[in-house]
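Numbering of ligands and ligand atoms starts at 1, following listing order.
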Amino acid sequence: MADLLSVNNAIELVLQNCPPAAGSEILSIQESFGRVLAEDLPAPDDSPRFDKSMMDGFAIQLPHQVANPQSTYEVTGTVTAGSGSSVVIRPGEAIRIMTGAEVPPGVNCVVPMERVSILDGDTKNPRSIQVPAEVLSIDACITRKGGIIKAGSPLLKKGVRVAATHVAALAEFGIKNVPAIRQPRVAILATGDELVDAASEPNAGQIRNSNEPMLEAQVKNCRCWPIPLGIARDNREELAARIRQGLTADVLLLTGGVSVGIHDFVPSELAAANVRKVFHGVKMKPGKPIWFGIYETAPAPQQPPHRCLVYGLPGNPVSSLVCFELFVRPALQLLQAQPERTAFQAKLKEDAIVRGDRPVYHPAVLTLSKDAAGITAQIIPWGGSSDVCTTASANGMALLQPEHGPYKAGDTVEARLWTEFFHD
Ligand code: AMP
Ligand code: MG
């Protein structure tokens with residue numbers, strides 16, 4: 001751990017060693033939510049599929065090139081949404097029409113209900129109506145077939161992360177087979193003789209394994225597939241067996257056992273399992289002992305080579321969390337052909353001091369100000385890298401650099417969210 005890398009160089013090394021997106025698979029519309037499209041999808045059909053009324057009102061046939069169209073119309077029929085339209089219209093007639101209904105042939109204007117005066121009858125049963133001249137224009141309140149998009153035009157782009165709006169577009173066109181990038185599989189292995197499962201009662205000197213469920217949640221947050229492997233004791237045989245199991249995934253996250261303790265066997269067991277070390281140790285706080293390497297199978301006939309990104313995350317929960325956000329998340333993005341989640345600038349709410357000579361990634365409450373002034377960072381009082389309790393009130397982290405400290409309220413710092421949202 002002699003020469004410590006900078007955080008940026010370490011991220012660069014992770015990205016350089018990250019393979020391209022991990023193949024594709026076909027999903028249903030529902031399954032595709034949150035996933036990344038593996039191909040461009042053209043519109044298979046026109047939208048709308050028929051000439052469509054955009055309002056509840058009256059459909060009429062306007063003569064073309066007449067300066068003063070007539071203002072009174074006799075109501076001769078009704079068309080509702082979903083019924084299809086075989087109704088015939090003649091000049092001087094109006095047909096009651098509902099939003100979303102197919103416009104009858106010959107209709108070239110829909111007049112909204114609220115712009116019409118009923119001359120004979122009532123709103124339930126209008127027999128004749130009067131229409132103000134200014135609402136009579138060709139194709140008013142009508143969307144023609146293909147008026148939104150024509151069959152064959154680009155609909156959704158490859159690389160899009162499917163959101164609710166995309167789901168709606170897929171559903172509108174009945175696209176049942178959605179090509180999506182395969183979810184990276186991320187194995188998670190906690191190590192430590194002191195650990196018991198979160199559901200168990202710890203004996204003297206034991207603690208519950210909080211890293212594994214935390215990392216599982218972070219992996220899900222990155223829309224990847226977590227494979228929890230449980231707890232490996234600090235013994236070489238057990239560690240070696242679990243590491244072999246984890247190396248079949250796209251990414252293997254270990255926690256604990258990467259520092260200089262007498263039971264920190266993770267680096268040597270990873271080396272014994274033929275995982276090539278890329279770096280061990282990054283100049284940062286918390287998270288300094290992080291280990292990163294690559295496992296690759298030799299190319300074999302009929303067998304594509306397999307590559308696994310391997311992380312030895314430090315055991316302290318906040319160190320694990322911070323290292324995940326800085327070094328694991330970018331790889332999980334790349335494995336899904338997604339751009340990196342970038343850091344942004346935030347204004348410190350209060351003065352802050354920086355202790356030591358390493359950059360500090362400090363848990364912070366990041367708030368998007370309501371008045372377009374930008375993002376503010378409130379550094380939280382914090383009990384260090386094992387303190388998940390106060391860390392739970394933060395939604396991200398702010399970078400405090402020793403050479404820029406002490407900081408004053410209002411100073412600009414680099415910040416990153418570790419949740420989906422800013423604080424309210
Ligand atoms: P280590 O790097 O293994 O020496 O662990 C550093 C600290 O993190 C120790 O206090 C461990 O007890 C703690 N720790 C290690 N693994 C976990 C875990 N899975 N959940 C919670 N704390 C852990
Ligand atoms: Mg340990």
Side-chain angles (χ1 to χ4, degrees), residues 1 4 10 186-221 226-243 245-246 249 251-273 275 277 279-293 310-328 356 358 360-363 382-394 397 418:
M1 241 194 266
L4 288 180
V186 184
I188 303 164
L189 178 60
T191 74
D193 283 340
E194 74 280 30
L195 301 178
V196 296
D197 188 80
S200 306
E201 200 52 45
N203 289 327
Q206 294 183 321
I207 58 164
R208 294 193 181 90
N209 170 16
S210 58
N211 286 348
E212 186 186 69
M214 174 187 73
L215 290 167
E216 202 178 328
Q218 283 174 291
V219 167
K220 286 183 187 163
N221 181 267
I227 306 169
L229 299 180
I231 301 162
R233 298 290 147 214
D234 290 324
N235 103 38
R236 290 190 180 280
E237 292 69 38
E238 191 172 334
L239 208 50
R242 299 291 190 89
I243 286 172
Q245 204 184 341
V251 178
L252 168 59
L253 306 178
L254 296 107
T255 69
V258 282
S259 197
V260 290
I262 55 166
H263 284 163
D264 288 347
F265 301 138
V266 167
S268 52
E269 284 310 309
L270 287 173
V275 182
K277 181 180 92 175
F279 61 79
H280 188 190
V282 173
K283 191 168 184 186
M284 61 188 283
K285 202 165 130 183
K288 178 176 141 196
I290 183 175
W291 193 101
F292 173 71
V310 184
Y311 294 85
L313 301 173
N316 270 314
V318 187
S319 312
S320 256
L321 176 86
V322 167
C323 287
F324 182 97
E325 292 301 324
L326 288 174
F327 308 114
V328 184
R358 282 176 282 153
V360 177
Y361 287 84
H362 203 295
W382 183 47
S385 58
S386 64
D387 175 9
V388 282
C389 304
T390 43
T391 301
S393 63
M397 52 194 176
W418 59 45

Students should be able to answer this: which protein heavy-atom is nearest to [atom], and at what distance?
{"atom": "atom 17 (C) of ligand 1", "value": "Asn211 ND2, 3.2 Å"}
{"atom": "atom 23 (C) of ligand 1", "value": "Gly315 O, 3.3 Å"}
{"atom": "atom 4 (O) of ligand 1", "value": "Asp264 OD1, 4.0 Å"}
{"atom": "atom 21 (C) of ligand 1", "value": "Ser210 OG, 3.3 Å"}
{"atom": "atom 1 (P) of ligand 1", "value": "Gly257 N, 3.7 Å"}
{"atom": "atom 7 (C) of ligand 1", "value": "Asn316 OD1, 3.5 Å"}
{"atom": "atom 12 (O) of ligand 1", "value": "Glu194 OE2, 2.5 Å"}

Number the atoms of ligand 1 from 1 as they appear, then name those within less than 4.0 Å of a heavy atom of [X], with their elements.
{"X": "Ile207", "answer": "12 (O), 21 (C), 22 (N), 23 (C)"}
{"X": "Asn209", "answer": "18 (C), 19 (N), 20 (N)"}
{"X": "Thr255", "answer": "19 (N)"}
{"X": "Arg208", "answer": "20 (N), 21 (C)"}

Please work out whether any backbone atom (N, CA, C, O) or any side-chain heavy atom from C-beta onward of [X] is under 4.0 Å from ligand 1, and answer side chain, backbone, both or neither.
{"X": "His263", "answer": "neither"}
{"X": "Ser259", "answer": "neither"}
{"X": "Leu195", "answer": "side chain"}

Does the distance from a Lys or Arg side-chain N to an Asp or Glu carboxylate O, for Arg208 and Glu201, drop under 4.0 Å? yes
Could you tell me whether a side-chain N or O of [X] sits under 3.5 Å from a main-chain N or O of [Y], the two making a donor and an acceptor?
{"X": "Asn221", "Y": "Ala217", "answer": "no"}
{"X": "His280", "Y": "Gly293", "answer": "no"}
{"X": "Asn316", "Y": "Val318", "answer": "no"}
{"X": "Asp234", "Y": "Phe265", "answer": "no"}
{"X": "Thr191", "Y": "Thr255", "answer": "yes"}
{"X": "Gln206", "Y": "Val196", "answer": "no"}

Looking only at heavy atoms, what is the nearest atom pair of Ile231 and Gly192, with distance? CG2-O, 3.8 Å
Can you tell me if Ser386 contacts ligand 1 (heavy atom of the residue under 4.0 Å from the ligand)? no
Within this structure, what is the CG-NZ distance for the pair Leu270 and Lys277, rounded to the nearest 0.5 Å? 11.5 Å
Could you state the interatomic distance from CE (Met284) to OG (Ser319), rounded to the nearest 0.5 Å? 8.0 Å
